Amino acid sequence: MKFSLPTFWVAAVAILFSLAGCDDKEKDAQPAVGTLDIEMEHVVGSQALALSTTTYTNPISNEQFTISRFNYYVSNVKLQKADGTEYAQPESYYLVQQSDAESKHLHLKDIPTGDYTGISFVVGVDSARNTAGAQTGALDVNNNMFWSWNTGYIFFKMEGNLLASSSYPAKTFLMHVGGFTKPYNAVRTVKLTFPSSNLLVRADHSPELHLKVDALKVLNGPQPIQLSTFMGAHMPGSNAVQVANNYAAGMFSVEHIHAN
């Protein structure tokens, strides 16, 4: 069959419009996604956390102390909806450090739009990544959060100095928490519910979730710690589990949500 020139162009234009329509339908079929920013505010009780320069009080024993290092891993972030469904953020491994202001801002991309009622995350690094060999980014062993002798990540690191009193001498304290096997598994999951309003993820704006992280809860938790008698936690063991139980029980709380 032969087409005249005008007929040929009419057919070609029709085909182009048809293809364009298919592209539009494919675009419409793509799920809508948005972003979420999570800001970590580090405090010690009612005071802001300042490394090495501010003295704090342990309410358990009235001990005076300073903090010189405060690091922890946040991983396996999940957002929950009221209907019980959840979204798991892939490859979500973050190293948060008081000494690095930028690290206290977590940016999550490609989140399905929706109304979310809560969040959960692991404090630490799951067993799969603990045994996955050399890694990059937050899990780079050069971040000084890895025991090369024990082939495992340090999930939480708090260091500081106990000030001397008439009852005990000054000393340095170390809390390096890790371990992912029984009986000293220190991997902990924190679950938080948004108390007053849902977190609304939309394609056209990015909400900000503000979390308060209270280092005092490490001492003032279900298993209270006196720094003057605490032998430290610098390897997987019962002391590390004690610290992990404390920070998992109340160190993280929802401060507020910005709709933006």
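If you read the sequence from its start, that first residue is 1, and numbering goes on from there. Here the structure is a predicted model, which means the values were calculated and not measured.
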**Student:** To the closest 0.5 Å, what do you measure between NE2 (His107) and OG (Ser206)?
**Tutor:**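 Output value for this atom pair is 6.5 Å.
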**Student:** Give me the atom names and distance for the closest heavy-atom approach of Val243 to Ala233.
**Tutor:**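 What the structure gives for the nearest pair is CG2-CB, 4.5 Å.
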**Student:** Minimum heavy-atom separation for Ala215 to Val44, with atom names?
**Tutor:**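 Answer, listing the atom of Ala215 first, then Val44: CB-CG2, 4.2 Å.
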**Student:** Give a yes or no on whether the backbone of Ser228 and the side-chain of Glu63 come within a donor-acceptor separation of less than 3.5 Å.
**Tutor:**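 Checked: pair present.
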**Student:** Going through the distances and angles, do Val190 and Val123 end up as a side-chain contact (heavy atoms from CB on, under 4.5 Å)?
**Tutor:** CA-CA 7 Å; Val190 171; Val123 182; 3.7 Å; yes
**Student:** Short question: side chain of Gln89, backbone of Val77 - any donor-acceptor pair under 3.5 Å?
**Tutor:**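 No; zero donor-acceptor contacts below 3.5 Å.
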**Student:** Quick check for you: to the nearest 0.5 Å, what is the distance between Tyr116 atom OH and Leu209 atom CG?
**Tutor:**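 Rounded to the nearest 0.5 Å, the OH-CG separation comes out at 13.5 Å.
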**Student:** CG/Leu49 to OG1/Thr66 distance, rounded to the nearest 0.5 angstrom?
**Tutor:**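 The distance works out to 10.5 Å.
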**Student:** Let me know which of Tyr247, Phe252, Phe121 forms a ring-ring contact (aromatic ring centres under 6.0 Å, His included) with Tyr72.
**Tutor:**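 Exactly one pass, corresponding to Phe252.
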**Student:** Just wondering, more than 12 heavy atoms not from Lys78 lying within 6.0 Å of its NZ?
**Tutor:**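 At most 12 heavy atoms, drawn from other residues, nucleotides or ligands, come within 6.0 Å of this atom.
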**Student:** Can you list the residues that meet the ring pair (Phe, Tyr, Trp, His ring centres under 6.0 Å) rule with Tyr93, with sequence neighbours excluded?
**Tutor:**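 So Tyr93 forms no ring pair (Phe, Tyr, Trp, His ring centres under 6.0 Å) with any residue.
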**Student:** Does Asp37 reach the main-chain N or O of Glu208 with its side chain, forming a donor-acceptor pair under 3.5 Å?
**Tutor:**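 Such a contact is absent between Asp37 side chain and Glu208 backbone.
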**Student:** Run Leu106 and Val96 through side-chain contact (heavy atoms from CB on, under 4.5 Å) and show every step you take.
**Tutor:** CA-CA 9 Å; Leu106 282 53; Val96 183; 4.1 Å; yes
**Student:** Where do Ser197 and Ile257 come nearest, in terms of heavy atoms and distance?
**Tutor:**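 So the two residues come closest at O-CD1, 3.8 Å.
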**Student:** Is there side-chain contact between Val201 and Tyr87, with heavy atoms separated by less than 4.5 Å?
**Tutor:**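 They are not in contact (no side-chain heavy atoms under 4.5 Å apart), so the answer is no.
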**Student:** With a 3.5 Å distance limit and no angle check, can you tell me whether Asp214 reaches the backbone of Gly45 through a side-chain donor-acceptor pair?
**Tutor:**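 Yes, because the side chain of Asp214 sits within donor-acceptor range (under 3.5 Å) of the backbone of Gly45.
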**Student:** Can you pull the side-chain hydrogen bond (donor to acceptor under 3.5 Å, both in side chains) pairs that have at least one residue in residues 181-195, sequence neighbours excluded?
**Tutor:**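 Passing the test, one end in residues 181-195: Arg188-Asn245.
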**Student:** Check for a donor-acceptor pair, side chain of Thr57 on one end and backbone N or O of Pro59 on the other, with a separation under 3.5 Å.
**Tutor:**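 No.
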**Student:** Hey, any chance Val43 and Ile225 share a hydrophobic cluster, counting ILVMFWY side chains that come within less than 4.5 Å of each other, even indirectly?
**Tutor:**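 Val43 does not cluster with Ile225.
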**Student:** Apply side-chain contact (heavy atoms from CB on, under 4.5 Å) to residues Thr117 and Asn198 and explain how you reach the verdict.
**Tutor:** CA-CA 5 Å; Thr117 59; Asn198 292 342; 3.4 Å; yes
**Student:** Evaluate the side-chain proximity of Leu51 to Ser99: yes if any heavy-atom separation is below 4.5 Å, no if none is.
**Tutor:**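 Sidechains of Leu51 and Ser99: in contact.
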**Student:** Do the side chain of Tyr153 and the main chain of Leu139 share a donor and acceptor less than 3.5 angstrom apart?
**Tutor:**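 Here the side-chain-to-backbone pair exists.
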**Student:** Quick one: do Gln80 and Thr85 satisfy side-chain contact (heavy atoms from CB on, under 4.5 Å)? Show the steps, please.
**Tutor:** CA-CA 6 Å; Gln80 290 80 36; Thr85 61; over 6 Å; no
**Student:** So, using ring pair (Phe, Tyr, Trp, His ring centres under 6.0 Å) as the criterion, who are the partners of His210 when residues are at least two apart?
**Tutor:**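 Only His256 meet the ring pair (Phe, Tyr, Trp, His ring centres under 6.0 Å) criterion with His210.
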**Student:** Please identify each residue that fulfils side-chain hydrogen bond (donor to acceptor under 3.5 Å, both in side chains) with Glu39, with sequence neighbours left out.
**Tutor:**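 By the side-chain hydrogen bond (donor to acceptor under 3.5 Å, both in side chains) rule, Glu39 matches no residue at all.
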**Student:** The criterion is side-chain hydrogen bond (donor to acceptor under 3.5 Å, both in side chains); which residues satisfy it with Asp100, sequence neighbours excluded?
**Tutor:**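 Asp100: no side-chain hydrogen bond (donor to acceptor under 3.5 Å, both in side chains) contacts found.
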**Student:** Can you get from Val33 to Ile119 by hopping between Ile, Leu, Val, Met, Phe, Trp and Tyr side chains that sit under 4.5 Å apart?
**Tutor:**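 Different clusters.
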**Student:** Indicate yes or no: at least one non-hydrogen side-chain atom of Pro195 is less than 4.5 angstrom from one of Val254.
**Tutor:**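 Side chain of Pro195 against side chain of Val254, heavy atoms only: contact under 4.5 Å found.
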**Student:** Please tell me whether Val125 and Val141 are part of a single hydrophobic cluster in this structure, the criterion being side-chain heavy atoms less than 4.5 Å apart.
**Tutor:**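 Both belong to a single hydrophobic cluster.
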**Student:** Is there side-chain contact between Arg202 and Asp115, with at least one heavy-atom pair below 4.5 Å?
**Tutor:**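 Arg202 reaches Asp115 side chain to side chain.
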**Student:** Could you list the donor-acceptor pairs under 3.5 angstrom formed by side chains in residues 154-163, with sequence neighbours left out?
**Tutor:**
{"from": "Lys157", "atom 1": "NZ", "to": "Asn144", "atom 2": "O", "distance (Å)": "2.7"}
{"from": "Glu159", "atom 1": "OE1", "to": "Arg69", "atom 2": "NE", "distance (Å)": "3.1"}
{"from": "Glu159", "atom 1": "OE2", "to": "His176", "atom 2": "NE2", "distance (Å)": "2.7"}
{"from": "Asn161", "atom 1": "OD1", "to": "Thr172", "atom 2": "OG1", "distance (Å)": "3.0"}

**Student:** Would the distance check show the side chain of Asp126 and the main-chain N or O of Arg129 forming a donor-acceptor pair, the cut-off being under 3.5 Å?
**Tutor:**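 Side chain of Asp126 to backbone of Arg129: a pair is present.
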**Student:** About how many Å separate CG of Asn62 and CD of Gln226, when rounded to the nearest 0.5 Å?
**Tutor:**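 Here the rounded value is 10.5 Å.
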**Student:** Quick one: CG on Leu216 to CG on Asn58, what's the gap to the nearest 0.5 Å?
**Tutor:**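 Atom-to-atom, Leu216:CG and Asn58:CG are 6.5 Å apart.
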**Student:** Which heavy atom of Val177 sits nearest a heavy atom of Ala244, and at what distance?
**Tutor:**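 Looking at all heavy atoms of both residues, the shortest contact is CG1-CB, 4.1 Å.
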**Student:** Check Met175 against Leu219 and note the closest heavy-atom contact, atom names and distance.
**Tutor:**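 Reported closest heavy-atom pair: CE-CD2, 3.7 Å.
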**Student:** Do the side chain of Lys104 and the main chain of Ile38 share a donor and acceptor less than 3.5 angstrom apart?
**Tutor:**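 Looks like no, no N/O pair under 3.5 Å.
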**Student:** To the nearest 0.5 Å, tell me how far Ser68 OG sits from Gln98 CD.
**Tutor:**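 Here the rounded value is 11.5 Å.
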**Student:** Quick one: does Asn76's side chain have a donor or acceptor within less than 3.5 Å of a partner on Val122's backbone?
**Tutor:**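 The answer is no, because no donor-acceptor pair under 3.5 Å joins these two groups.
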**Student:** Are Phe194 and Val213 connected, step by step, through hydrophobic side chains (Ile, Leu, Val, Met, Phe, Trp, Tyr) whose heavy atoms are closer than 4.5 Å?
**Tutor:**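 Linked within one cluster.
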**Student:** Kindly indicate whether the side chain of Phe173, heavy atoms from C-beta on, has any atom under 4.5 Å from the side chain of Phe65.
**Tutor:**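 They are in side-chain contact.
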**Student:** Checking the side chain of Asp140 only, and the main-chain atoms of Asn142 only, is there a donor and an acceptor separated by less than 3.5 Å?
**Tutor:**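 Side chain of Asp140 to backbone of Asn142, a donor-acceptor pair under 3.5 Å: yes, one is there.
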**Student:** Val218 and Asn246: which non-hydrogen atoms are nearest, and at how many Å?
**Tutor:**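 Taking every non-hydrogen atom into account, O-ND2, 2.8 Å.
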